[in-house]
Amino acid sequence: MASNLSFVLNKPNDVTFEERPVPKLQNPHDVLVAVNYTGICGSDVHYWVHGAIGHFVVKDPMVLGHESAGTVVEVGPEVKTLKKGDRIALEPGYPCRRCGSCLSGHYNLCPDMVFAATPPYHGTLTGFWVAPFDFCYKLPENVSLQEGALIEPLAVAVHIVKQARVQPGQSVVIMGAGPVGLLCGAVARAYGATKVVAVDIVQAKLDFALSYAATHTYMSQRVSPEENAAALIKSADLGAGADVVIDASGAEPSIQAALHVVRMGGTYVQGGMGKADITFPIMALCLKEVTARGSFRYGSGDYKLAIDLVAAGRVDVKKLVTGVVPFEDAEEAFKKVKEGQVIKILIAGPNEKVVQGMDTSVDEKKLQQAQAAGSTGCC
Ligand SMILES: NC(=O)c1ccc[n+]([C@@H]2O[C@H](COP(=O)([O-])OP(=O)(O)OC[C@H]3O[C@@H](n4cnc5c(N)ncnc54)[C@H](O)[C@@H]3O)[C@@H](O)[C@H]2O)c1
Ligand SMILES: OC[C@H](O)C(O)[C@@H](O)CO
C-alpha cells in the first residue's frame, strides 16, 4: 500500500511525520492525486517558526506545503478532462464559487477560500491529495513534474505582473530577489519589459538575478529611501524613474524607496508581505499620481498562463531549483530555506524516489553572512 506519510506542524519549531489515512473523493468532480514534488514557500517556513501569519494561527496540528505537482490516481464520475496517470500542477486554494468576489472573476479574494497549509486547512506535504478537477492543470509533455511544482510561485508572479499592467518596452524595478521577485522579473521580460532591475541586500541573490532575468541589479544601501531611490535610478539609468515598481520583499525600507523610484504616473504593486503596518510615503504617491495595487495569490487564467510560459520556454523555472530531497529530509530542507541557503528546494513525495541530492549552488558563504546579519528571508 502506498504511503500517506505527511509532514505535520504541531506547534512552532515542532514537526513530525505522521502516517495519515489516504483521503477519499468528497465530490463527483474531485480527483485523487499522488503528490510527486512540493516546493517550500516562505509562508511554510513562517508557520514553522512562528506558528502564525497575521490572523492565521496554527491552533491544531497542520500538514505544511502548498507548492505541488502530482499524478492523478483516481477520478470522480463527473470528471471528463482528466484521467488516471495524468501529470498535473495543483492549484492549492479552493474558493466558494458563489460569493461576490468569485462571481466577479476574482476568486482569489473569496473570503471562504480553503487554502492548503493556511490554518485551519492541511497542506500538500503528504502522499495523496484530493482536489476539484478544475484546480488541477494537466502538464504538457515538455513540462516536468518538478517544473510543475514551481507553477504555484510562478502564478504568484504572473498575477503580480498582470496587476502591474506591464507593457512592452517598459522599465520594471523589482524589490527583492527571492523566488517571487526572480519570477516577476522573468514574467515581466516575457511581457516585453526591456529593463528589469533586481534590488536586494544580498550580493549573491543579485548575481543570480543577473544570470536569470534581470538586465540590471542594485544593492540596497542603509541610507534614506530618497537617497537609495536616487542612487538606484542613476545606476540603472532610469531617467525620470521606473515605469513600474514591484515590491517582492515585504521590507519597509524597500517599499519606501519604491515610491521614490517610480516615475510620475507610474505603477506600484505590493506583492511582498511583511509587517502589517509601515510608514508609507503617501506624498510621493499623491504628487506623482502613482497607481498602487495590491496582489494576492492568483486568479482566473494565472495558472494556465504560468504553465504556457514554461511550456513555451519563455520562463525557465528549472534554474531556480537548488535541490531535490527525499520526504524524510523535509525538516532539514526547511532549515536550509530558513537560513537562506537555497533558492527553491523541492521535497519529493513520500512515494517518490529522489533522483538528486541537495546542491547549494547559491553562494552559501555570502548568504550565511547576510543571514547572520539578520537580513534575509521573511522570518
Ligand atoms: N502576494 C502574494 O500572494 C504572495 C505570495 C507568495 C509570497 N508572497 C510574499 O512575497 C515576498 C517574496 O517571496 P519570496 O518567496 O521570494 O521571499 P524571500 O524571503 O525568498 O525573498 C525576499 C527577498 O527580499 C530581500 N530583501 C529583504 N530586505 C530587503 C530590502 N530592504 N530591499 C531589497 N530587498 C530586500 C531578501 O534578501 C530576499 O532575497 C514575501 O514577502 C512573501 O511573503 C506574497
Ligand atoms: O503563494 C501563496 C502564498 O504563499 C500564501 O498566500 C501565503 O503567503 C499566505 O497564506
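Note that ligands are numbered from 1 as they come in the structure, with each ligand's atoms numbered from 1 the same way. Basis for what follows: all heavy atoms, side chains included, without hydrogens, waters or symmetry-related copies.
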- Query: Closer than 4.0 angstrom: is that true for some heavy atom of T118 and an atom of ligand 2?
  - Reply: yes
Report the part of [X] (side chain from C-beta onward, or backbone N, CA, C, O) that has a heavy atom under 4.0 Å from ligand 1; answer both or neither where that applies.
| X | value |
| --- | --- |
| A257 | neither |
| A251 | side chain |
| M273 | both |

- Query: Nearest protein heavy atom to atom 6 (O) of ligand 2, by residue and atom, and its distance?
  - Reply: R297 NE, 2.7 Å
- Task: May I ask you to identify the nearest protein heavy atom to atom 2 (C) of ligand 2, giving residue, atom name and distance to one decimal place in Å?
- Result: E152 OE2, 3.3 Å
Judging by distance only, is a nitrogen or oxygen of [X] under 3.5 angstrom from one on ligand 1?
| X | result |
| --- | --- |
| G42 | no |
| P253 | no |
| M175 | no |
| V156 | no |

- Query: Applying the side chain to side chain contact (heavy atoms under 4.5 Å, CB included) test to Y268, which of D247, V244, T291 qualifies?
  - Reply: D247
- Message: Among N351, D86, N36, exactly one meets side chain to side chain donor-acceptor pair (under 3.5 Å) together with T71. Which residue is that?
- Response: N36
- Could a heavy atom of G274 be found less than 4.0 Å from some atom of ligand 1?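 Per 4.0 Å heavy-atom rule, G274 does not contact ligand 1.
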- Provide the number and element of each atom of ligand 1 under 4.0 Å from a heavy atom of R297. 2 (C), 3 (O)
- Message: As an exercise, identify every atom of ligand 1 less than 4.0 angstrom from a heavy atom of K205.
- Response: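 It comes down to these atoms of ligand 1: 38 (C), 39 (O).
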- Query: Should the pair R97-D134 be classified as a salt bridge under the 4.0 Å nitrogen-to-oxygen rule?
  - Reply: yes
- ligand 2-proximal atoms of E67, by part, heavy-atom distance under 4.0 Å: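 For E67, no heavy atom sits under 4.0 Å from ligand 2.
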- Donor-acceptor contact present, side-chain K11 to main-chain G51, <3.5 Å: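 A pair under 3.5 Å: no.
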- Closest candidate by heavy atom, reference atom 14 (P) of ligand 1, pool I40, V269, V180: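 Ranked by closest heavy atom to atom 14 (P) of ligand 1, first place is V180.
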- Message: Please report whether the ring centroid of Y121 lies less than 6.0 Å from that of Y94.
- Response: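 Centroid distance Y94-Y121: not below 6.0 Å, so no.
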